[in-house]
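First up is the structure itself, then whatever we jot down about it.
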Amino acid sequence: MIVWLGCALLLVSVLFLISFWRMGFRSHGDVKYPKSLPSLPVIGSLLHLGNHLPPHLLFCNLQKKYGSLYSFKMGSHYVVVVNNHEDAREVLLKKGKAFAGRPRTVTTDILTRDGKDIAFADYSPSWKFHRKMVHSALCMFGEGTVAIEHIISREASSLCQTLASFQTIPLDMAPELIRAVTNVVCSLCFKTRYKRGDAEFETMLKYSKGIVDTVAKDSLVDIFPCLQIFPNKDLDILRQSVAARDQLLYKKLKEHKDAFSGETVNDLMDALLKAKLSMENNNSNIPQDVGLTEDHILMTVGDIFGAGVETTSTVLKWAVAYLLHYPEVQKKIQEELDAKVGFERYPLLSDRKILHYTEAAISEVLRIRPVSPLLLPHVALKDSSIGEYTIPKEARVVINLWSLHHDEKEWVNPNLFNPDRFLDKDGNRLYSPNQSFLPFGAGIRVCLGEALAKMEIFLFLSWILQRFTLEVPEGDPLPDLEGKFGVVLQVKPFRVIAKMREVWKNIEITT
Ligand code: STR
């Protein structure tokens, strides 16, 4: 027995030494690999990552020891972390196609029926085709048309009515903001909207939270898929939430199929159905090998819906949290609105060109609290390189957007919320004062909803601040600014008093 134990110990130590020796060296002949954290067989570098910090902060801190580009092993996967904009731009833009892959994980496979969506699906001709189609459908029903401005303004108006009904009662704005942005994507995807307290909306809120809490956050099952065989509370929540989402999506699909004439395209669901029909009839130039199944339609709509709701509402919550911490910024936005929009009309999208400070404040929110601090992981589709370092095929590449947005070489006092950094000395807007700002990612995987999100954030915020001043209720603490890491950087709940501004009490605008 003791001999066996001794042998086992010896074997483990030898394996440990070998792997430590291998990972500790950076170069193999001419080939230079990024510096690596120590790693052990099977578990990889887990012991060196088991820090109490959330990953974006941990990865940012590890730069001090390993430099801005380093690697580690997550179980059996080789992961490279990018922490500066030069390398990030090389991965996303210059070599976008080489790094366009996505890892398959247990949780994202459950969410997307093995990668039949857009965000988490690996690179393939079928993925490229779906993405293109959704992009044109989004353009058709939103971006670039007056229709979208009308839809967002209708929701902004309804949101302001709710705020007004609360008067001086403290309110958790999160569900109201979520309903407002949900109704925008709902209009685009299904041509419907939810009233306050709608049962279907409550179901959606619940399953969405279940998904955000459990998906794609590098939990142990994603690192060691074999752990699926054990009972796992998170996976149960994810499966239940996905089942609830699928039921809702399926109902929508059925309603659309029943009503679809084959010609009139009212929303995104119709557009996808039409593409599927033309493919089946083989009367278009859609490639045959791309497979647009019902699953693809459901998962794609699920993506657009989930992304449209979770991301935009999160930015709005961060914006409100920061405005409570920095009332002077709120005041400056209101002064700009008063001076440039006035009291006889509501803000319009065309005001984005003149409301420089408001736009700068939005950019600053996106910088200081990026919705997706690690973006979504990329995978090298072939042997490639970043700077002077070799990156082998199948390496996972994580872009630490947090590091880019808090890089002291690029930003003065990066932890300070200061919209002025997005303005020049004459108060004109600087779209990006430096290269280290990529809130929507970049390249072939860039966020599909960037334009839509920017329109929504601008209109919702400007409508709210034109009429209300947001304050912390007496006795409540200021909102937490750390957030909770997950597939989006979530905002912890807090309450607000939305006080109607004096000047607006007697004004009624007819639209
Ligand atoms: C939110 C919850 C949900 O119901 C569905 C999805 C699928 C798409 C996800 C979304 C999620 C979270 C935010 C993501 C988005 C795709 C792109 C977006 C990850 C999990 C970001 O990259 C921030």
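For ligands, and for the atoms within them, numbers begin at 1 and follow the listed sequence. All heavy atoms count here, side chains included; hydrogens, waters and symmetry mates do not.
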For the residue pair Phe485 and His56, is the inter-centroid distance of their aromatic rings smaller than 6.0 Å? yes

Within ligand 1, which atoms have a heavy atom of Ala119 less than 4.0 Å away? 16 (C)

Any idea how Tyr326 and Tyr322 line up, ring-wise: parallel (<30°), tilted (30 to 60°), or perpendicular (>60°)? parallel

Top protein contact for atom 9 (C) of ligand 1, by heavy-atom distance: Phe120 CE1, 4.1 Å

Is the number of heavy atoms from other residues, nucleotides or ligands under 6.0 Å of Glu394 CD greater than 12? no

Those atoms of ligand 1 less than 4.0 Å from some heavy atom in Ser208: 2 (C), 4 (O)

Tell me which protein heavy atom sits closest to atom 12 (C) of ligand 1, plus the residue, atom name and distance to 0.1 Å. Val487 CG1, 4.0 Å

Got a sec: does the CD of Glu202 have more than 12 other heavy atoms crowding it under 6.0 Å? yes

Heavy atom of Glu310 under 4.0 Å from ligand 1? yes

I need the contact type for Thr311 against ligand 1. Using non-hydrogen atoms and a strict under-4.0 Å cut-off, is it side chain, backbone, both or neither? side chain

Is the Phe59 ring parallel, tilted or perpendicular to the Tyr70 ring (thresholds 30°, 60°)? perpendicular

protein heavy-atom neighbour closest to atom 6 (C) of ligand 1 works out as Gly306 CA, 3.9 Å

Write out the residue and atom name of the closest protein heavy atom to atom 22 (O) of ligand 1, then the distance separating them to 0.1 Å. Leu376 CG, 3.7 Å

Heavy-atom contacts with Asp303 under 4.0 Å: which atoms of ligand 1 show up? List them by number with element. 7 (C), 8 (C)

Given Gly441, Ser372, Ala307, which one has a non-hydrogen atom that is nearest to atom 15 (C) of ligand 1? Ala307

Could you list the atoms of ligand 1 found under 4.0 angstrom from a heavy atom of Val212? 1 (C), 2 (C)

Do Asn266 and Phe190 have side chains that approach each other closer than 4.5 Å (heavy atoms only, starting at C-beta)? no

Provide the number and element of each atom of ligand 1 under 4.0 Å from a heavy atom of Val488. 13 (C)

Cation-pi check, Arg367 to Trp402: give yes when NZ or CZ is under 6.0 Å from the six-membered ring centre and within 45° of the ring axis, no otherwise. no

pair Ser158-Arg193: side-chain heavy atoms closer than 4.5 Å: yes

Is the Lys NZ or Arg CZ of Arg196 less than 6.0 Å from the centre of Tyr194's six-membered ring, within 45° of the axis? no

Within the 4.0 Å heavy-atom cut-off, what Asp117 brings close to ligand 1 is neither

